[in-house]
Amino acid sequence: MRRGRILAIKWGMNPNSSSLGVDVTFLLVGATVLAAVTPVIGALLRWRRSVAVEPAAPRPEEPA
Amino acid sequence: MRCGLDAAGAIVERARAARAHPPRRSRLERFGAIVQLTVPRALVFVDRAFARRVGLAGRRDVAGLAAEPAIWAEPETAVGDVPLSAPLEAHLQLTNRCDAGCRGCYTGASPGGAPGEWGLAEWRRAIDQLADAGVFHVALGGGESAVLPWLGELADHARRRGIVPNLTTSGLAGLERLLAICDRFGQINVSLDGLGPTYAAVRGFDGFARADAAIRALRRVKREIGINVVVTRANFAELDALFAYAARHRLSEVELLRFKPSGRGARAYDELRCSDAQHRALLPAVLAAARRHAVRVKVDCSYTPMLAHHRPDRALLAELCVYGCTGGDFLVGAKPGGQLTACSFAAPPPPAAGGARPQITELGAYWDAPGAFGAFRRWRDAREPCASCEYHALCRGGCKVVSAHVTGDPSAPDPECPRVVDRGGRSGTRPRSLPVL
């Protein structure tokens, strides 16, 4: 089975009620550091794999 | 040493809060899934194979065959190829009441507020709808929502429904009430557009001392306190000093917002908007300040053209979720009377066929309606110079609110984008006040 990959990470939370803020601090350190951090996040997610499945919201055309 | 203790304390507090009110942990998407982490705080976008691997795709049947989720019946997409199944976050303008009278206020807030403003019961129903849709976070604002006597109750309700409430405040009113309930929010940012007299130069009145006092008071009782800075030509030269201020007060972040010609801001736009030279200098200036003062920096979605100007690695931008206009996709807004909008600066979108303009409580039904969110979802129909820009899939044409104001057409390329300026696409400096949609 393909191992799969992390596509993107949106860091932090956005308190700004008028637009979407994204953390660009990683632009300081570049792709190398992000490439080092991503496997750590992946390991964290796998460690949490026992979490309950939460399906996406039912679509209008699908029965709930 | 002190920073390390702060970080450790924040981790413990977040873990405790997540145990008391577990936030939504995941949501399936066409590309795979989005998973929320509380330590560190992040939304992680993973492909289908990864989602299967961490158990998000349901159980295998007795024959060992996995029952694929219905949302995966269509071919797997990349992030951004199609709208998400629901917004990541909703921006709720709980009230338009505010006594400050800032000359650039994007909502034109006033002491009297807006007609037909919702109360706690209506906003609780909105939170329920957002939770059912799978929204992760809400950003609460106004007007000045800190003065609302039921703000804490609404934040509690959001937590109970698995949504993390975040807040922006001016710090000019409602501070005592906010201090008592600030633990209920994930992140609180105080608007601070300048230090000392610069604050007045941007906002039109001297409110620095009160905002500063609010920041200090909030920081004494909560770690996740930051500042929002609307970047204008009046405070651009002071950005480094604002980062120094954030470092001095051990704030968790500086969030930089582009000035939008919306509300009273439409009248002040020509005077306050940054110059083209300032837009081109923004990214190096803020990264240097963030490095010098060791403070995290966020920029709002409308700054993506100014980031793209420096030709950063596109893959890195995508991995950091740096997108331009994601109104009606990654985010939605709601006006004080509950009217659904693509973003807080936009007018309510056109009604779905045969219906009325949608309310935030009708998000689920409106989200997939044909033509939903108008121009905000039609960013692929770009003209030059966006159509041939290698950053277009990320930038999405820049800020539609600025385009609508300056050119009269929300689908026009962002007239403040350096690439558009270089191609002679700026259509003059005399703004027209036209609706966004």
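Throughout, a chain's letter reflects where its sequence line sits, starting with A, and its residues are numbered from 1. Heavy-atom basis, side chains included; hydrogens, waters and symmetry copies ignored. Just so it is clear, the structure is predicted and the values come from calculations on it, not from any experiment.
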- Query: If we only count heavy atoms from C-beta on, is the A:L27 to B:L287 side-chain gap below 4.5 Å?
  - Reply: yes
- Task: Identify which part of B:Q187 has an atom lying under 4.5 Å from any heavy atom of chain A, answering side chain, backbone, both or neither.
- Result: both
- Message: Looking only at heavy atoms and a cut-off of under 4.5 Å, which of B:G141, B:G186, B:C301 has the most pairs with chain A?
- Response: B:C301
- Taking all atoms of both residues into account, what is the closest heavy-atom pair of B:R291 and A:L28, and its distance? NH2-O, 3.6 Å
- Item | Interface residue of largest heavy-atom contact number with chain B, from A:G12, A:S19, A:A31, under 4.5 Å | A:S19
- Message: So A:V24 and B:L320, do their side chains get closer than 4.5 Å, heavy atoms only?
- Response: no
- Item | Approximate separation, where rounding is to 0.5 Å, of B:F50 CZ and A:R46 CZ | 5.5 Å
- Query: So which part of B:L43 gets closer than 4.5 Å to some heavy atom of chain A, the side chain, the backbone, both or neither?
  - Reply: both
- Query: Looking at side-chain heavy atoms only, is the closest gap between B:E255 and A:P15 below 4.5 Å?
  - Reply: yes
- CZ/B:R25 to CG/A:L45 distance, rounded to the nearest 0.5 angstrom? 10.5 Å
- Measuring heavy-atom distances to chain A, does B:L256 have an atom under 4.5 Å in its side chain, in its backbone, in both, or in neither? neither
- Less than 4.5 Å apart, any side-chain heavy atom of B:R296 and any of A:W11? yes
- Message: Which atoms of B:E224 are under 4.5 Å from chain A, going by heavy atoms: the side chain, the backbone, both sets, or neither?
- Response: neither
- Looking at side-chain heavy atoms only, is the closest gap between B:L37 and A:I41 below 4.5 Å? yes
- What are the two closest heavy atoms between B:T168 and A:S17, and how far apart are they? OG1-N, 3.8 Å
- Query: Rounded to the nearest 0.5 Å, how far apart are CG of A:N16 and OG of B:S344?
  - Reply: 7.5 Å
- Interatomic spacing from CG in A:L7 to CG in B:D47 - rounded to 0.5 Å: 5.0 Å
- Task: Enter the distance from A:K10:NZ to B:F45:CZ here, rounded to the nearest 0.5 Å.
- Result: 8.0 Å
- Item | N/O donor-acceptor pair under 3.5 Å between B:K298 side chain and A:L20 backbone | no
- Query: Does A:T25 use its side chain to pair, donor to acceptor, with the backbone of B:V297 at less than 3.5 Å?
  - Reply: yes
- Message: Just verifying a value: how many Å separate B:H91 NE2 and A:N14 CG, rounded to the nearest 0.5 Å?
- Response: 5.0 Å
- Task: Please flag which part of B:L88 lies under 4.5 Å from any non-hydrogen atom of chain A: side chain, backbone, both or neither.
- Result: side chain
- chain A contact via B:V164 - which portion, at a heavy-atom distance below 4.5 Å: side chain
- Task: Answer yes or no: is there a donor N or O on one side and an acceptor on the other, between the side chain of B:R53 and the main chain of A:R3, under 3.5 Å?
- Result: yes
- Item | Residue part contacting chain A, namely of B:N228, when any heavy atom lies under 4.5 Å | side chain
- Task: Measure B:L257 against the heavy atoms of chain A and call it side chain, backbone, both or neither at under 4.5 Å.
- Result: side chain
- Message: If I measure from the heavy atoms of chain A, does B:V322 come under 4.5 Å with its side chain, its backbone, both, or neither?
- Response: both
- Query: Is it the backbone or the side chain of A:I9 that comes under 4.5 Å from a heavy atom of chain B, or both, or neither?
  - Reply: both
